[in-house]
Engineer: 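The structure that follows is given in the form of structure tokens.
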Amino acid sequence: MNSQQWIDKADKYIMKTYGRYPIVPVRGEGCVLWDADGKRYLDFLAGVAVNNLGHCHPKVVAALQRQAAQLIHCSNYYHIPSQIELAEILCSNSFADQAFFCNSGAEANEAAIKLARKYSREKHGDPDRFCIITALASFHGRTMATVSATGQEKVQKFFDPLLHGFRHVPFNDADALRAAVNTDTCAVMLEPIQGEGGVVVPSADYFREVREICDQHGLLLIFDEVQVGMGRTGRLFAYEHFGITPDIMTLAKALAGGAPIGTMLARDEIAASFGPGTHGSTFGGNPLVTAAAIAAVHAILEEGLLNRAEEMGEYLLGELETLQHRFPVIIEVRGIGLMIGMELSIPAGDIVKKGHERGVLLNVAQDRVLRFVPPLTVSKAEVDEMISILTGILEEVAA
Ligand code: PLP
């Protein structure tokens, strides 16, 4: 079937929860996707920061094929060797001691919300300690608890009553956070860099102050690294840039090289609050996805992709800054590693559509920010090709 035939069929059978573009990708390799008509696209969205290893990384493909032939799924009533091995790898490369596995970023954040409430009530002997402070313009997922945690009205409208026990403060404003802490507060949950909020990078000392506030009031600090974790910023985890450690961290997206997975990591003392029967997931950390994740994490660490994300991030940022000097519609270029945003004075939707016509996949966050999250394996030639296409588009829409 060609792309149009698939789109017609989707119109009949698929709920319209996404404003989908008329593109039907059917094959991928590295930074390149091909659609059902054979058209080639350079992928600077990477499944929204999922395909950090590029499409169909051979080590992930081999791990999936091997594991699928051996054991696809078994219950969490039993021990799962690849889940245990993955937990060891993640813990030995982070601040954390233990992992809980689930299937998505929202579920990882749900787990963090539940653990923070249970731990804090037990630790402080206070049933009224349940409130979690999060940031305005944050994004934490689409389940009811994570919609309630998210600081964006457009995600919440239609779904009230929201879950009780979340307070929102401006991001990158430690004074606002300090003022919002109350006797009901148990935790602070933040993205190290706001992704859906428009690639917002906080000031260098924001998180040091946040950590101090949490320590002073006995609050847990939860980092939602669903979008920025797994090497995207040039470090395995984004918290490594800020000279502090969180108490709980959530990961998903890139963790299994494209297979659906989520995880919540915590230190021993906090993890101990999740005893048998407190939380669970049928598929969470099953043999197939955790085998893929082991291969993906090894590939990130062994193929020099952290350095590469840093180097190519600097190169891409530099090229975008050059465009900024030429086109006054570009207000700011910002980011760390390959988590980069370009804020415009005009809506970015038209640029994305023209990009599609010319064979490059870009993305808009918050209407006026172009977000660049290519695979960490992206080459200089691929960056140059994207920049040349983007330059042509800017000459048309913004000269
Ligand atoms: N947290 C952050 C920071 C995200 O960017 C996202 C998704 O974009 C989520 C959570 C939700 O993840 P998922 O869509 O896997 O539930």
Engineer: Pick one: which of K380, R40, R358 meets salt bridge (charged side-chain N to carboxylate O under 4.0 Å, His left out) with E385?
Structural biologist: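 Of the listed options, the one satisfying the test is R40.
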Engineer: Treating Q324 as the side-chain partner and I331 as the backbone partner, does any N or O pair qualify as donor plus acceptor under 3.5 Å?
Structural biologist: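 Between the backbone of I331 and the side chain of Q324 there is a qualifying donor-acceptor contact (under 3.5 Å).
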Engineer: Between S92 and E88, is there a donor-acceptor pair closer than 3.5 Å when you use the side chain of the first and the backbone of the second?
Structural biologist: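 Side chain of S92 to backbone of E88: a pair is present.
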Engineer: Taking it one step at a time, do E310 and R235 satisfy salt bridge (Lys or Arg N to Asp or Glu O under 4.0 Å)?
Structural biologist: CA-CA 8 Å; E310 192 177 358; R235 305 273 168 86; 5.5 Å; no
Engineer: Between F101 and F283, is the gap from one ring center to the other below 6.0 Å?
Structural biologist: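 Ring centres of F283 and F101 not closer than 6.0 Å.
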Engineer: Check the pair E303, R308 against salt bridge (Lys or Arg N to Asp or Glu O under 4.0 Å), reporting the backbone distance first and the verdict last.
Structural biologist: CA-CA 9 Å; E303 295 178 10; R308 194 181 172 87; over 6 Å; no
Engineer: Check whether N2 reaches the backbone of Q4 with its side chain - one donor and one acceptor, N or O, closer than 3.5 Å.
Structural biologist: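 Side chain of N2 to backbone of Q4: a pair is present.
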Engineer: Under the criterion side chain to side chain donor-acceptor pair (under 3.5 Å), which of E196, K157, Q366, H168 is the partner of Q152?
Structural biologist: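 Looking at E196, K157, Q366, H168, the match for Q152 under the side chain to side chain donor-acceptor pair (under 3.5 Å) is Q366.
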Engineer: Counting N and O atoms only, with roles assigned by atom type, does the side chain of D247 sit under 3.5 Å from a partner on the main chain of A266, one being a donor and the other an acceptor?
Structural biologist: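 Checking the backbone N and O of A266 against the side chain of D247, no donor-acceptor pair under 3.5 Å is found.
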Engineer: Decide side-chain contact (heavy atoms from CB on, under 4.5 Å) for L301 and L306; before the verdict, give the C-alpha distance in whole Å, the side-chain angles of both, and the deciding distance to 0.1 Å.
Structural biologist: CA-CA 7 Å; L301 295 174; L306 300 179; 4.1 Å; yes
Engineer: One pair to check against salt bridge (Lys or Arg N to Asp or Glu O under 4.0 Å): D205 and R208. What are the steps and the verdict?
Structural biologist: CA-CA 5 Å; D205 41 358; R208 258 197 302 277; 5.5 Å; no
Engineer: If every non-hydrogen atom of R232 is compared with every non-hydrogen atom of L338, which pair is closest and at what distance?
Structural biologist: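 What the structure gives for the nearest pair is NH1-O, 2.6 Å.
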Engineer: Applying side chain to side chain donor-acceptor pair (under 3.5 Å) to E107 and S104, what does each step give before you reach the verdict?
Structural biologist: CA-CA 5 Å; E107 281 176 79; S104 67; 3.2 Å; yes
Engineer: Would you sort out whether K9 and M1 count as a side-chain contact (heavy atoms from CB on, under 4.5 Å), showing the intermediate values?
Structural biologist: CA-CA 10 Å; K9 204 189 269 263; M1 293 219 300; 3.6 Å; yes
Engineer: Can you tell me how the ring of F100 sits relative to the ring of H279, calling it parallel under 30°, perpendicular over 60° and tilted otherwise?
Structural biologist: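 F100 and H279: tilted rings.
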Engineer: Tell me whether the NZ or CZ atom of R27 lies within the 45° cone about the ring axis of W34 and under 6.0 Å from its centre.
Structural biologist: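 Flagged: R27 positioned over aromatic ring of W34.
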Engineer: With distance as the sole criterion, is a donor-acceptor pair present between the side chains of N109 and T146 under 3.5 Å?
Structural biologist: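 Distance-only check fails for N109 and T146.
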Engineer: Check whether any side-chain N or O of E314 sits under 3.5 Å from a backbone N or O of E311 as a donor-acceptor pair, and report yes or no.
Structural biologist: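 Side chain of E314 to backbone of E311: no pair is present.
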Engineer: Keeping the roles fixed (side chain from N52, backbone from M230), state whether a donor-acceptor pair exists under 3.5 Å.
Structural biologist: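 Present.
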Engineer: Using side chain to side chain donor-acceptor pair (under 3.5 Å), reason through Q194 and N172 one step at a time and then give a plain yes or no.
Structural biologist: CA-CA 10 Å; Q194 287 191 334; N172 200 19; over 6 Å; no
Engineer: What's the shortest heavy-atom distance between L376 and A309, and which atoms?
Structural biologist: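 Where L376 meets A309 most closely, the heavy atoms are CD2-CB, 4.1 Å.
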Engineer: So which heavy atom on G141 is nearest to which on A106, and how close?
Structural biologist: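 Where G141 meets A106 most closely, the heavy atoms are CA-CB, 3.9 Å.
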Engineer: Before giving the answer on side chain to side chain donor-acceptor pair (under 3.5 Å), spell out for H217 and T185 the whole-Å C-alpha distance, their side-chain angles and the decisive distance to 0.1 Å.
Structural biologist: CA-CA 9 Å; H217 296 277; T185 313; over 6 Å; no
Engineer: Just by distance, no angles: are the side chains of T143 and E110 close enough, under 3.5 Å, to form a donor-acceptor pair?
Structural biologist: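 On atom types as modelled, these side chains qualify, holding a pair under 3.5 Å.
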Engineer: Return yes if some donor-acceptor pair links the side-chain N/O of K39 with the main-chain N/O of E357 below 3.5 Å, else return no.
Structural biologist: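 Pair found, side chain donor or acceptor close to backbone of E357.
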Engineer: Between F237 and F95, is the ring centre distance below 6.0 Å?
Structural biologist: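 No, the ring of F237 stays outside the 6.0 Å limit from the ring of F95, centre to centre.
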Engineer: Students often mix this up, so state it plainly: with edges at 30° and 60°, are the rings of F130 and H164 parallel, tilted or perpendicular?
Structural biologist: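 Aromatic pair F130/H164 classed tilted.
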Engineer: Can a donor-acceptor pair be found between the side chains of S281 and N103 at a distance below 3.5 Å?
Structural biologist: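 Distance-only check passes for S281 and N103.
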Engineer: Do you see a donor-acceptor pair shorter than 3.5 Å between the side chains of N286 and Q83?
Structural biologist: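 No, Q83 and N286 have no side-chain donor paired with an acceptor closer than 3.5 Å.
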Engineer: If you draw a 6.0 Å radius around CD in Q156, do more than 12 non-hydrogen atoms from other residues or ligands fall strictly inside?
Structural biologist: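 Yes, because the 6.0 Å sphere around CD of Q156 holds more than 12 heavy atoms from other groups.
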Engineer: Is a donor from one side chain sitting under 3.5 angstrom from an acceptor on the other, for S273 and E122?
Structural biologist: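 Their side chains do contain a donor-acceptor pair, which is all the 3.5 Å distance test asks for.
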Engineer: Can you tell me which residue among M189, R167, H140 is in a side chain to side chain contact (heavy atoms under 4.5 Å, CB included) with I132?
Structural biologist: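 That would be M189.
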Engineer: Kindly check if the number of other-residue, nucleotide or ligand heavy atoms within 6.0 Å of CD (E153) is above 12?
Structural biologist: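 Not buried by this count: 12 neighbours or fewer within 6.0 Å.
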Engineer: Would you please say whether a donor-acceptor pair under 3.5 Å links the side chains of T322 and E319?
Structural biologist: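 No, E319 and T322 have no side-chain donor paired with an acceptor closer than 3.5 Å.
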Engineer: Counting N and O atoms only, with roles assigned by atom type, does the side chain of T134 sit under 3.5 Å from a partner on the main chain of A149, one being a donor and the other an acceptor?
Structural biologist: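 Checked: pair present.
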Engineer: Got a donor-acceptor contact below 3.5 angstrom from the H55 side chain to the D43 backbone?
Structural biologist: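 No: the side chain of H55 does not pair with the backbone of D43.
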Engineer: Stepwise, does the side-chain contact (heavy atoms from CB on, under 4.5 Å) test hold for L177 with V210?
Structural biologist: CA-CA 8 Å; L177 175 64; V210 170; 3.9 Å; yes
Engineer: Checking L305 against T377 for the side-chain contact (heavy atoms from CB on, under 4.5 Å) test, could you report, in this order, the C-alpha distance in whole Å, the side-chain angles of both residues, the deciding distance, and whether it holds?
Structural biologist: CA-CA 7 Å; L305 294 182; T377 55; 3.9 Å; yes
Engineer: Is there a ring-ring contact (aromatic ring centres under 6.0 Å, His included) between F242 and Y206? Walk through the geometry before answering.
Structural biologist: CA-CA 9 Å; F242 298 107; Y206 174 60; 8.8 Å; no
Engineer: When you measure from the side chain of S388 to the backbone N and O of D384, does any donor-acceptor pair fall under 3.5 Å?
Structural biologist: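 Judged by distance alone, no pair lies under 3.5 Å.
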Engineer: Check step by step if salt bridge (Lys or Arg N to Asp or Glu O under 4.0 Å) holds for R129 and D184.
Structural biologist: CA-CA 4 Å; R129 224 173 146 113; D184 70 359; over 6 Å; no
